[in-house]
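Worth knowing before you read on, the calculation uses all heavy atoms, side chains too, and leaves out hydrogens, waters and symmetry mates. For this chain, numbers begin at 1 and follow the sequence in order.
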Amino acid sequence: MNFTNEQIDAINHFKGPALVLAVPGSGKTTVILNRIINLIENHDVLPKNILSITFSKSQGLDMERRFLKSFPKLKGQITFKTIHAFCYEIVKNYMKIKNIKKTLIEGDERINKSTLLKRYFFSMYEQKILDDVIKDFFSLYDFTKNKMIDFEDYVRKNKFISNRLLLLKLYKAYENLKLEYNFIDFNDLLYLANKYISEDKNLLSSIKKRYKFFSVDEAQDTSMLQFEIIKKIVYPENNLFVVADDDQSIYSFRGAEPKNLLEFKKFYKDSKIFIMNHNFRSTKNIIEISNKLISKNKNRYQKNPICTCSENSKIMLFKVKNAHIQMRKLLELIKQLKKDESVGILYRNNISSIYVANYFLENDVDFFVKENGFDFYLNKILLDINNILQFSQDQTNLEVFKRIYFKLNAYIKKDFISKLKYKSYDENILDALLDLDDLNSFYLKKFNALRNNFKMLKKLSMKYKIDFIVNELGYGEYLENYDEIQKLNSNLMIDILKYISSNLNSYDDFLQRLKDIKEKLKDANKSSSNISISTIHSAKGLEYDHVFLLDLVDGEFPQKNILNAMDSSLLEEERRLFYVAMTRAKKTLTLFTIKTRNEKEVDTSIFYEELKKLK
């Protein structure tokens, strides 16, 4: 195999710390694997003394598969592990020696930590918690643990966090749950591994005897806690080979710290830095334009990507009226491509997958989803809309009404709801409201209007119902009180629901369409289609012949809270995310923005505008 001079220099690195900065498509995995072979063949390093750390299981398995394809005789001798699997090995061995018994509640389909927390929380506070609240809690929990900061202190001081008291109660419940039942999670694996190797010299010594040479792939994803663990284990020999691209650091919400790379020489004073500038993936103009865009970031290593491909191609930008036309144009362009070429349809927000799934469902287009942890059925807006629609169909259902009454701008007091429990089971709730004693003219007017609106809602065909709920029933006013991020997502979700229901007639049709979309997304991970849909985060590390980037709207990408923040590092990360999306493309790159969202004018993403000027 022919290597570039910069690849050869990195492969030949023997002892001491090294940072390899690899631009997209520069063959970083090839360099890691060949450097391992170089250690064995030219420096007599024993395979069992080499540890290769990755940050995802699939990444580790792929690296091991590629290695064993060339060197099958070394099967089982070299260790390829994720950082969590490596820490699990440390913690498990320590606990075995100390006779400590703990149960890991992640990585096992039989145990679900979210379900456990919901049950435990209810036993403590007699309060039910929605799945999306649990999801928000664990995102914040993971972030603070990996940043090595106190959860309670961070939540109390961060003014941008809503539901602070609830999050603090969830934290207390989760810590009590783990303590009471001897549970540990993935974060505890990192925390305990760091604790044990800091306190037990014999444990640290045994790890050092086993492993002498360390390589770390995708090191830009390393959190502060993970970096600390690695630093302790490699010291003082520091035989550490780190491969990364600071321009692809996009996981700050998981605690990733790009400054670990930017200050690498501060942590490892005698380190060598190699830069692999040759891009073997993309055409010349994709490489040049994406590099010009990422160069707007100030906190980064300067790189000068070199194109190895003789071909060139257009970067196409489309500004269309709305999401429906965006999808129509997208499909039109895809149909012009060769059927054996790979297509990546990427977006910033998971909600955008509903646009794609619905349109492809209508047009009988098959597609693939790598992983889809997103369940739009749990979206707050969808749950509310569905409850309102359900109540319009059966206005005797008090349980459903309790979920929506305070979201309809009808000034219904809790006392009124309490009195409704004495109504007959088949009595219309809105009639029962009007029959309550001592209602003044204000409440009579409000409740009459509400009853009439629900009568109207029931009669409307489905394509008009969403608009009516938002604009006439008062639900739109309720959404206006959301914080900035929730407002953004609500506007996007309302637009999607109107889009889905635009050609439907009834509520039953609507329910069936939601079910069909969910099934389509669920089955898509088994598809062999050459068309993939994905968030940009999930597409990192992948490549496609043709990339289509959707929904480039200001306030959505970059997100509104980031645009409003004074912290420039947040905007730089959003630009890195945009850069990752662009550099997935091998042959063509097509970007879409829209003029209206939910029939309201929206601004074009600043990144779209930057790109337009650079072209």
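Residue Ser52 comes nearest to Ser215 through the heavy atom pair OG-OG, 3.2 Å, listed as atom of the first residue, atom of the second, then distance. In terms of heavy-atom proximity, Phe280 sits nearest to Thr4 at CZ-CG2, 3.7 Å.
If you check the side chains of Arg254 and Ser139, you find no donor sitting under 3.5 Å from an acceptor. Checking Asn491 against Arg597 by side-chain atom types alone, no donor-acceptor pair falls below 3.5 Å. Side chain to side chain, Ser252 and Glu573 meet the donor-acceptor criterion of an N or O pair below 3.5 Å. In this model, no donor atom of one side chain and acceptor atom of the other lie less than 3.5 Å apart for Tyr268 and Glu263. Looking at Thr308 and His278, their side chains never bring a donor and an acceptor atom within 3.5 Å of each other. A donor-acceptor contact under 3.5 angstrom links the side chains of Asp551 and Gln326, judged on distance only.
Using cut-offs of 30° and 60° on the angle between ring planes, the pair Tyr251 and His537 is tilted. Ring geometry, Phe592 versus Phe318: the interplanar angle falls under 30°, so the pair is classed parallel (tilted spans 30 to 60°).
Here the CG atom belonging to Asn349 is positioned 12.0 Å from the CD1 atom belonging to Ile354, to the nearest 0.5 angstrom.
Of the candidates Leu611, Leu346, Leu550, Val547, Leu611 is the only one forming a side-chain contact (heavy atoms from CB on, under 4.5 Å) with Leu591.
Cation-pi contact between Arg35 and Phe241: present, with separation from the ring centre below 6.0 Å and deviation from the ring axis of at most 45°.
Salt-bridge check for Lys113 with Glu106: passed, with a basic side-chain N closer than 4.0 Å to an acidic carboxylate O.
For the pair Leu117 and Phe138, the minimum side-chain heavy-atom distance is below 4.5 Å. With contacts defined as side-chain heavy-atom distances shorter than 4.5 Å, the pair Leu39/Phe14 qualifies.
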